[in-house]
Amino acid sequence: MADFLAPDGRALVYDDHGPRDLSSPPVLCLAGLTRDARDFAGLVAHLAPARRVICLDARGRGRSARAEDPMAEYILPVETGDAIALLDHLGVDRAVVIGTSRGGLQAMGIAAAAKDRLAGVLLNDIGPVIEREGLESIMGYIGRAPMATDRTGAAAALAKAMARHYPDFEEADWYTLAGNLFHFDENCAPHLSYDPALAEPVRAAFSAPQPDLWPFFEKFDGLPLACIRGAHSDILSAETLEEMARRRPDMLHVTLSNRGHVPLLTEPEAVALIDRFLESCG
């Protein structure tokens with residue numbers, strides 16, 4: 001674990017794994033809206049023996065500092081700038097970005113603002129069209145404290161709320177997921193692992209017309225590109241993935257059964273696609 005200062009002075013935390021092998025670009029992992037670097041633990045275990053993997057806790061998530069002005073800081077342009085600033089801090093010229101959900105939107109922002117910093121992009125269950133059903137689901141939980149008193153209760157609550165996204169999960173899987181999604185205090189009580197004020201700009205964006213993100217997707221032109229989708233996703237539809245593939249026939253992609261939003265990136269089909277994709281990135 002290490003930290004650095006974002007352009008506005010906010011202290012952000014990241015993990016830096018694996019060898020500093022300059023023959024291949026490092027992987028920069030950007031997590032989803034309310035998640036953090038812990039989401040990539042399984043992927044890191046697979047990749048880090050042979051490749052450098054950097055995982056960022058976005059501002060207000062995980063171990064990173066919270067915003068002084070949520071409406072001005074918890075927005076995609078600022079988060080995109082934070083990711084580029086991390087590359088600058090580490091002296092990394094180009095990286096392969098694996099972006100889960102909101103992290104994939106940040107990857108689109110990097111492609112628009114600093115495409116030369118990208119060696120390739122993998123989008124995990126996100127695309128240029130975000131389904132309303134998924135956004136409404138996010139509005140139902142964001143900023144709300146977990147209704148549980150311990151990790152077992154938190155796991156049970158997740159199993160009830162997210163069963164359609166992980167229909168093959170067993171009790172131990174929900175327990176592990178709870179450990180990744182929440183922070184637990186000295187009494188083992190679960191707490192949000194992100195700033196509840198994140199809900200403010202997210203709700204404001206939900207109320208506004210959804211922007212056209214296809215021009216941002218087109219910014220990936222010329223870059224190795226891949227996409228992983230959960231078959232039960234309420235964020236990335238099969239139709240949107242089909243259109244993405246039509247516009248980018250060279251895009252590697254797979255739809256995972258027994259997954260919704262979001263795939264864990266440790267599923268055998270996902271790992272196989274990631275390995276193939278990284279080979280194409282050098």
Side-chain angles (χ1 to χ4, degrees), residues 17-18 21 23-32 35 37-55 94-108 110-111 118-131 134 165-169 173 177 180 216-282:
H17 308 271
D21 180 4
S23 65
S24 59
V27 173
L28 174 61
C29 295
L30 302 175
R35 302 195 183 191
R38 293 174 296 174
D39 249 14
F40 300 103
L43 182 63
V44 167
H46 173 68
L47 295 179
R51 184 184 287 266
R52 186 179 187 184
V53 185
I54 304 156
C55 303
R94 297 168 68 243
V96 177
V97 170
I98 295 181
T100 292
S101 194
R102 189 173 177 97
L105 299 180
Q106 293 165 14
M108 293 183 192
I110 297 172
L118 295 173
V121 172
L122 185 147
L123 302 172
N124 183 21
D125 211 62
I126 193 68
V129 178
I130 304 173
E131 296 302 311
H165 295 284
Y166 304 103
D168 61 341
F169 264 27
D173 299 310
L177 185 62
N180 285 341
F216 288 87
F217 178 78
E218 299 293 348
K219 296 294 184 181
F220 293 141
D221 180 53
L223 292 172
L225 183 62
C227 184
I228 294 172
R229 175 180 176 269
H232 306 298
S233 176
D234 56 5
I235 289 289
L236 175 61
S237 71
E239 292 75 17
T240 297
L241 179 61
E242 181 180 358
E243 178 61 16
M244 291 163 67
R246 187 192 70 79
R247 298 190 186 206
R248 282 294 303 269
D250 61 325
M251 181 182 75
L252 301 177
H253 60 92
V254 65
T255 296
L256 304 179
S257 60
N258 289 325
R259 288 294 177 267
H261 188 75
V262 287
L264 306 177
L265 303 181
T266 55
E267 301 87 356
E269 289 179 276
V271 170
L273 182 137
I274 290 168
D275 287 345
R276 183 182 169 198
F277 165 68
L278 289 177
E279 288 178 5
S280 73
C281 297

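Please read these numbers as outputs of a predicted model, since none were measured by experiment.
Looking at heavy atoms from C-beta onward, Leu225 lies in side-chain contact with Phe217 at the 4.5 angstrom threshold. Residues Val27 and Leu43 have side chains not in contact (no heavy-atom distance under 4.5 Å, counting atoms from C-beta outward). The side-chain heavy atoms of Pro224 and Phe277, taken from C-beta on, include a pair separated by under 4.5 Å.
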Next on the checklist: Between Val271 and His46, does the side-chain contact (heavy atoms from CB on, under 4.5 Å) criterion hold? Intermediate values first, please.
Outcome noted: CA-CA 8 Å; Val271 170; His46 173 68; 3.4 Å; yes
Checklist entry - When you look at His165 and Asp234, which way does the side-chain contact (heavy atoms from CB on, under 4.5 Å) test go after all the steps? => result CA-CA 9 Å; His165 295 284; Asp234 56 5; 3.7 Å; yes
Checklist entry - Is there a side-chain contact (heavy atoms from CB on, under 4.5 Å) between Cys29 and Val53 once you walk through the steps? => result CA-CA 7 Å; Cys29 295; Val53 185; 3.8 Å; yes
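Distance check: Asp168 CG to Ser257 OG gives 8.0 Å after rounding to the nearest 0.5 Å. Rounded to the nearest 0.5 angstrom, Asn124 CG and Ile235 CD1 are separated by 12.0 Å. Leu264 CG to Thr100 OG1: the interatomic distance, rounded to the nearest 0.5 Å, is 9.5 Å. Atom-to-atom distance recorded for Ser233:OG and Leu241:CG is 10.0 Å, nearest 0.5 angstrom.
Between Ala119 and Val96, the shortest heavy-atom contact is CB-CG2, 3.9 Å. Between His17 and Ala48, the shortest heavy-atom contact is CB-CB, 3.9 Å. Between Lys219 and Ala111, the closest heavy-atom pair is CB-CB, 3.8 Å. A pairwise comparison of heavy atoms in Ala107 and Phe220 identifies O-CE2, 3.7 Å as the closest pair. Scanning all heavy atoms of the two residues, the minimum distance from Leu265 to Ile98 falls at CD1-CG2, 4.0 Å. Here the closest non-hydrogen pair linking Arg51 and Ser24 is NH1-CB, 3.8 Å.
Checked by atom type and distance alone, the side chain of Arg38 pairs as donor or acceptor with a backbone atom of Asn180 at under 3.5 Å. Checking side-chain atoms of His253 against main-chain N and O of Cys227 turns up no donor-acceptor pair under 3.5 Å. Formation of a donor-acceptor pair under 3.5 Å by the Arg229 side chain with backbone atoms of Leu236 is found in this model. In terms of modelled atom types and a separation under 3.5 Å, the side chain of Asp125 and the main chain of Val262 share no donor-acceptor contact.
Ion pair Glu243/Arg246 flagged as a salt bridge, since at least one NZ, NE, NH1 or NH2 atom sits closer than 4.0 Å to an Asp/Glu carboxylate oxygen. Looking at Arg248 and Asp221, no side-chain N of the basic residue comes within less than 4.0 Å of a carboxylate O on the acidic one, giving no salt bridge.
Between Tyr166 and Phe169, the ring-plane angle classifies as parallel under the 30° and 60° cut-offs.
Surrounding CD of Glu242 are at most 12 heavy atoms belonging to other residues, nucleotides or ligands under 6.0 Å away. Within 6.0 Å of the CZ atom in Arg247, the count of heavy atoms belonging to other residues, nucleotides or ligands exceeds 12.
Screening His232, Glu267, Glu269 for a side-chain hydrogen bond (donor to acceptor under 3.5 Å, both in side chains) involving Arg259 leaves a single residue, Glu267. Checked options Leu30, Ile126, Val97, Leu28; the residue passing with Gln106 is Leu30 (criterion: side chain to side chain contact (heavy atoms under 4.5 Å, CB included)).
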